[in-house]
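In what follows, a structure is listed as structure tokens, so that the remarks can point back to it.
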Amino acid sequence: MSDVTSSAFQAQASARPGRRDIGIAKRYAAERRFRAYGVAAILTGVFFLAVLLWTVVSNGYTAFLQTTITLPITFSEKVIDPKNERADNPQKLMAANYPLLVRDALIQELGIDANDRAKVKLATDMISASARTQLRDIVVANPQVIGQTLPVAILAEGNIDSANKGQIDLKADEANRKVKNQQLAWMDQLREKGALTKQFNTGLFTFGASSRPEAAGIGVAALGSFYMMLIVLVLALPIGVAASIYLEEFAPKNRFTDLIEVNINNLAAVPSIVYGLLGLAIFINFAGLPRSASLVGGLVLTLMTLPTIIIATRAALKAVPPSIRAAALGLGASKMQTIFHHVLPLAMPGILTGTIIGLAHALGETAPLLLIGMVAFVVDYPGSPLEPSTALPVQIYMWANEAERAFVERTSGAIMVLLVFLIVMNLGAILLRRRFERRW
Amino acid sequence: MNMMTEAAVEKALDQKMNAVPYKMIGKDVSVFYGEKRALFDVNLNIRENTVTALIGPSGCGKSTFLRTLNRMNDTIDHCRVTGKITLDTDDIYDPQIDVVELRARVGMVFQKPNPFPKTIWENVAYGPKIHGLARSRADLDTIVEQSLQKAGLFNEVKDRLHEAGTGLSGGQQQRLCIARAIAVSPEVILMDEPCSALDPIATAKVEELIHELRANFTIVIVTHSMQQAARVSQRTAMFHLGHLVEENDTDKMFTNPDDQRTQDYIMGRFG
């Protein structure tokens, strides 16, 4: 009896709804697995980003310091202008033997016999060749200094700089080493006197190209990049937005506009080097614009950025709710008024984000610039976008090809500067987005 | 439908409506979406200062007909309208008629409240501004206030005219949209299921408003709710499968319709 009732009870219990196996545990397990994949993907990304940043920063932070040797330089009239011709011939001051002033000050500081040729050579090798222009600029700017003795902080030669930063393996055999034992001893001597110091490397930001790392900087490249960004912004934003508005709002939907749409999407994926070839053929060979000019670079980058901006703008326009358009049209606003008063302001955050991302992309672009001659050794600042210039990423590319230890750190230093620019631009995009974003 | 009855009804109606003049006349109106025909030779006249309700099951063409009245169908690709619709004496599909001007005369309120993401003041002032109806900011202020008054919203929002219109409740947003439409001083207001997204209290307020607006405007309203049609309208038109089944005085329509299909629909047998 009891068996029968209990089995009946069990049957009843198992038939109760909620006891059915509808795979709840499996579904949760699938969700947990999916989350784990996601976390793993993010961790992988974060790991590689950390490695990248660590490599760049650990290699590059020293580039922001530069070893200088402060020497009491006597601007001797006998050396600079022995015949006292500078009043008639200002050119005289440009061509004077300034390295001799540095040599005299240095051997005096180190107590070297001026007749010991080998030692004098070894000592002057510690000084950057840029000392010539440095002293020349001081004298030309103010000829009154002639005859006076002034302390001048002179750049140390690249290898001395590296040795001072502990980047040269001193255990290596002296013959295989760029910095000799005698020079190391002198460095200690100068350091004790407080003449040899590490200072913030303003030259990294102001100098142009140089074959000597201590005198090389990203100034020219940064200005070139700035010109190009300006050109891209001024050309790509209005052209891109106008094209998108026409295609999205006015153009009839037919085969021809479909073809244009497909082509724009394809252009966004065209390798950037092809744009470089296009620029070379059209802007330089056909239109006759100067080589290496940031104008040509800006035009090429404009072509490259346009599809990105058009795609982003069209997406932003499409995302504006149709009810807003209907409301404006229903009130009797013309199509133009509807777009400019209602649709465009709502699409603005998307358009700006697309534009800034396009600009950031253009700022980091190297390949097309190589083809239009922007991989050039440019020492002087370009006065206009028509003058020869380089760009930040191209400067990084050129430095990465150099062998000296001091160029290695400068390469990483320049990458850090470029990354800071990109971060600032992307932050700007986020801020603009926040600023313009509205609910509807 | 029997021709005799139709004529008789027409006659009775004319007596009852006391020969209210027609504001808009639709003659043989057909609408095609590409190959698909959505309306079949609809002949429907809209009487002045009257609320005309368009009823019928989903997809019957009532909204399509409504949208032909201010040419909102123009914005849809491949949409073609044939027949003739006049507003007073103007053929609104005449190429000489500017659609912007037409829509300033025939305003529209949509199913979902769609205020602009701007302030309440800007929402109402936008229409008068683009049509140049105000000479000064003070004029504009007056128009905004009067429109909000007429829409029965002014007292609720007078302290926050310069706050976002999207911050209002659904019912208030819909009344804001009505205020926005009447700020342009249209002659006709089209309403496409204006209460379908609102709760019963907000619906009651909007219906009350429609009653009051009738004094100054000609109103055409599409509605799914039979009760609403009965409550707010004087004339009702019943659509089915793209055809106008019956157009009649609302009282008559809901008590003793001429057409069996109207009877069935009102009784809830289909739709």
Side-chain angles (χ1 to χ4, degrees), chain A residues 244-262 313-353 431-440, chain B residues 66-67 69-78 98-119 122-133 147 164-167 173-174 176-186 188-192 197:
Chain A
S244 322
I245 291 178
Y246 180 75
L247 285 174
E248 198 57 44
E249 308 282 346
F250 291 100
K253 302 272 174 286
N254 55 28
R255 285 254 171 93
F256 182 64
T257 46
D258 283 351
L259 190 72
I260 289 178
E261 173 150 15
V262 169
T313 306
R314 290 189 69 179
L317 290 174
K318 238 180 235 164
V320 174
S323 66
I324 297 291
R325 286 169 224 262
L329 290 173
L331 273 179
S334 67
K335 199 154 191 177
M336 186 88 175
Q337 287 171 325
T338 304
I339 292 165
F340 280 88
H341 296 166
H342 301 287
V343 177
L344 211 51
L346 289 176
M348 218 46 184
I351 295 173
L352 288 174
T353 312
L431 286 179
L432 281 173
R433 211 191 168 92
R434 291 253 172 90
R435 173 89 179 68
F436 281 97
E437 207 146 63
R438 291 193 242 184
R439 289 174 302 127
W440 60 70
Chain B
L66 188 79
R67 293 164 65 91
L69 297 179
N70 72 341
R71 291 180 56 180
M72 281 302 275
N73 282 329
D74 287 13
T75 58
I76 300 169
D77 285 337
H78 310 299
D98 192 273
V99 69
V100 166
E101 200 201 327
L102 170 69
R103 288 180 192 150
R105 293 174 67 190
V106 183
M108 186 150 189
V109 176
F110 295 85
Q111 186 170 0
K112 249 179 77 185
N114 55 354
F116 299 127
K118 300 178 184 232
T119 66
E122 283 172 324
N123 261 288
V124 183
Y126 181 71
K129 235 193 259 176
I130 57 170
H131 296 308
L133 300 181
S147 307
T166 41
Q173 284 189 19
Q174 194 60 298
L176 176 61
C177 292
I178 294 172
R180 184 175 66 185
I182 60 186
V184 190
S185 307
V188 181
I189 300 176
L190 311 177
M191 298 185 172
D192 191 355

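Chain A is the first sequence line, chain B the second, and so forth, proteins listed ahead of strands; every chain is numbered from 1.
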Do you know which two heavy atoms are closest between [X] and [Y], and how far apart they sit?
X      : Y      : result
B:F116 : A:I324 : CE2-O, 3.8 Å
B:P117 : A:L346 : CG-CD2, 3.4 Å
A:L329 : B:R103 : O-CD, 2.9 Å
B:N114 : A:A327 : ND2-CB, 3.3 Å

- Task: For B:K129, look at atom NZ and say whether over 12 heavy atoms of other residues, nucleotides or ligands are found less than 6.0 Å away.
- Result: yes

- Could you tell me whether A:F250 atom CZ has more than 12 heavy atoms of other residues or ligands within 6.0 Å of it? yes

- Drop me the distance from A:H341's NE2 to B:K118's NZ, to the nearest 0.5 angstrom.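 Here the interatomic distance stands at 7.5 Å.
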
- Side-chain contact, heavy-atom cut-off 4.5 Å: A:Q337 with B:V100?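 Of all side-chain heavy-atom pairs linking B:V100 with A:Q337, none is under 4.5 Å.
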
- Query: So, for A:H342 and B:Y126, is the gap between ring centers shorter than 6.0 Å?
  - Reply: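 Between A:H342 and B:Y126, the centre distance is under 6.0 Å.
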
- For the candidates A:S334, A:P252, A:A333, which exhibits the highest count of non-hydrogen atom pairs separated by less than 4.5 Å from chain B? A:A333

- Message: Taking side chain as everything from C-beta outward and backbone as N, CA, C, O, which of these in B:R180 sits under 4.5 Å from a heavy atom of chain A? Side chain, backbone, both or neither.
- Response: both

- Answer with side chain, backbone, both or neither: which region of B:V99 has an atom nearer than 4.5 Å to a non-hydrogen atom of chain A? neither

- Task: Determine, step by step, whether A:R325 and B:T75 satisfy the side chain to side chain contact (heavy atoms under 4.5 Å, CB included) criterion, reporting the C-alpha distance in whole Å, the side-chain angles of both residues, the deciding distance to 0.1 Å, and the verdict.
- Result: CA-CA 10 Å; A:R325 286 169 224 262; B:T75 58; over 6 Å; no

- A:K335 portion near chain B, given a 4.5 angstrom heavy-atom threshold: neither

